[in-house]
Protein chains: 2
Amino acid sequence: MKLKRKNRIILALDLLEEKKALRLVERTKNYIDAIKIGYPLLLACGLGIVRKIKKIAKKPVIADLKLADIDNTNLLISKKVISSGADYIIAHGFVGGQALRILNPEKTFLVVQMSHKGSEQFINRQTKKLCAMANQLKVYGVIAPATRIGEIRKIRKWVGGVILSPGVGAQGGDAKKALKAGADFLIIGRSIYNSKNPERVLKYILNSIQPV
Amino acid sequence: MKLKRKNRIILALDLLEEKKALRLVERTKNYIDAIKIGYPLLLACGLGIVRKIKKIAKKPVIADLKLADIDNTNLLISKKVISSGADYIIAHGFVGGQALRILNPEKTFLVVQMSHKGSEQFINRQTKKLCAMANQLKVYGVIAPATRIGEIRKIRKWVGGVILSPGVGAQGGDAKKALKAGADFLIIGRSIYNSKNPERVLKYILNSIQPV
């Protein structure tokens with residue numbers, strides 16, 4: 001299933017309980033373009049959760065594996081997750097191109113910058129080089145946080161692929177500014193699943209970003 | 001369960017089938033000090049595999065998660081895996097100290113260098129800084145490949161904790177030299193589980209490294 005740009009919102013399903021997770025997918029599916037899941041949910045519920053999510057949402061699932069191993073292990077893990085129904089995976093660029101070339105670029109997003117404070121210690125100093133590598137590998141897109149608008153603008157100049165931006169809402173990023181700066185999709189988690197009325201939150205965000 | 005230095009060999013259980021994996025543990029348990037497992041096995045068999053391995057081996061299990069996320073997600077994943085019986089986890093240092101401070105340092109190993117060719121592009125340029133961070137965080141130990149003996153020698157000077165070295169055997173590292181240079185344990189996978197006689201391979205390695 002291909003990622004299509006319509007609502008420009010990706011739900012980060014950072015939950016641990018299957019029932020809660022699937023209920024949230026059901027409630028939000030009409031306001032989002034894809035669902036991002038990670039290891040906490042995969043380890044708690046098993047790989048079967050991917051197909052259950054897709055059956056409800058009929059939207060692509062992005063597995064946020066933050067792959068960061070040698071080529072052979074990266075391939076083993078991504079094969080396993082993609083064969084379970086995931087449409088895209090997220091990998092770390094800092095392990096270098098040789099460990100990533102083995103992945104299917106059309107199904108891969110590379111982390112080129114992170115949002116937490118400690119990320120300035122190592123990874124965020126390499127963003128330009130990581131973007132160049134993303135272009136070389138011809139990956140589908142990159143992950144760059146919405147918390148630093150100036151950085152998204154630079155990354156938009158540096159990479160050709162799609163940009164997914166986490167950090168809107170709970171982490172303080174501004175949705176409209178992030179899209180204007182060049183992000184294609186916003187990844188939003190906490191402010192949706194911590195709300196008693198996730199539909200209302202999503203409608204509010206959708207309203208606030210239209211027209212960009 | 002604490003890691004104890006006796007045979008100085010850690011079995012890397014990079015297999016996907018539960019039966020095969022548990023049989024290998026049974027056959028090798030007397031020659032090894034711990035078992036390292038990763039996501040391929042965890043995703044294929046579920047978290048229950050950890051306790052099954054420990055029941056047979058009565059040795060510590062190190063979960064090679066290559067954790068590389070923000071603090072909250074790192075904590076969620078490591079909690080899940082440690083509560084399933086894993087004694088140690090492996091995390092990446094390059095996400096920065098702030099994302100790692102949340103982990104229990106006594107149960108954490110940090111990757112400070114990798115063995116594949118592409119690792120020179122980013123991560124291996126930061127080894128000295130990553131070692132300094134490992135000391136600051138007071139983690140139990142670090143991962144440094146046996147494929148570059150000179151690097152192990154440097155890392156031995158830079159870090160106070162235990163050094164685990166993958167890369168012996170299939171990747172070309174020399175067991176005895178790695179231990180002499182400062183590695184505390186060798187992580188060995190392929191040359192054991194690809195052999196028809198893993199016991200014989202282990203006896204051969206044990207013989208070749210005694211006395212260091």
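We name chains A, B, ... by the order of the sequence lines, and we start the count at 1 in each one.
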Quiz prompt | chain B contact residues among residues 95-120 of chain A, heavy-atom distance under 4.5 Å | solution = A:Val95, A:Gly96, A:Gly97, A:Gln98, A:Ala99, A:Met114, A:Ser115, A:His116, A:Lys117, A:Gly118, A:Ser119

Quiz prompt | Close side-chain approach of B:Lys129 and A:Gln121, heavy atoms under 4.5 Å | solution = no

Quiz item: Is it the side chain or the backbone of B:Leu16 that comes within 4.5 Å of chain A heavy atoms, both, or neither?
Solution: side chain

Quiz item: With a 4.5 angstrom heavy-atom cut-off, which part of A:Lys79 approaches chain B: side chain, backbone, both or neither?
Solution: neither

Quiz item: In terms of heavy-atom pairs under 4.5 Å with chain B, which of A:Val81, A:Leu76, A:Asp69, A:Ile123 leads?
Solution: A:Asp69

Quiz prompt | Residue B:Lys177 excluded, over 12 heavy atoms near NZ under 6.0 Å | solution = no

Quiz item: Non-hydrogen atoms of chain A under 4.5 Å away: do they reach the side chain of B:Ile70, the backbone, both or neither?
Solution: both

Exercise. Kindly check if the number of other-residue, nucleotide or ligand heavy atoms within 6.0 Å of NZ (A:Lys2) is above 12?
Key: yes

Quiz item: Can you say whether A:Leu43 sits under 4.5 Å from chain B via the side chain, the backbone, both, or neither, judging by heavy atoms?
Solution: both

Quiz item: What option among A:Ser84, A:Ala68, A:Gly93 has the most heavy-atom pairs under 4.5 Å with chain B?
Solution: A:Ala68

Practice problem: Starting from the C-alpha separation in whole Å, work towards a yes-or-no answer on ring-ring contact (aromatic ring centres under 6.0 Å, His included) for A:Tyr39 and B:Tyr39. | Solution: CA-CA 10 Å; A:Tyr39 275 126; B:Tyr39 275 125; 3.5 Å; yes

Self-check item: Among A:Asp14, A:Leu130, A:Asp71, A:Asn124, residue most engaged with chain B (heavy-atom pairs, under 4.5 Å)
Solution: A:Leu130

Quiz item: Are any non-hydrogen side-chain atoms of B:Phe122 and A:Arg125 less than 4.5 angstrom apart?
Solution: no

Self-check item: Note, B:Gln126 side chain near A:Phe94 side chain (heavy atom, < 4.5 Å)
Solution: no

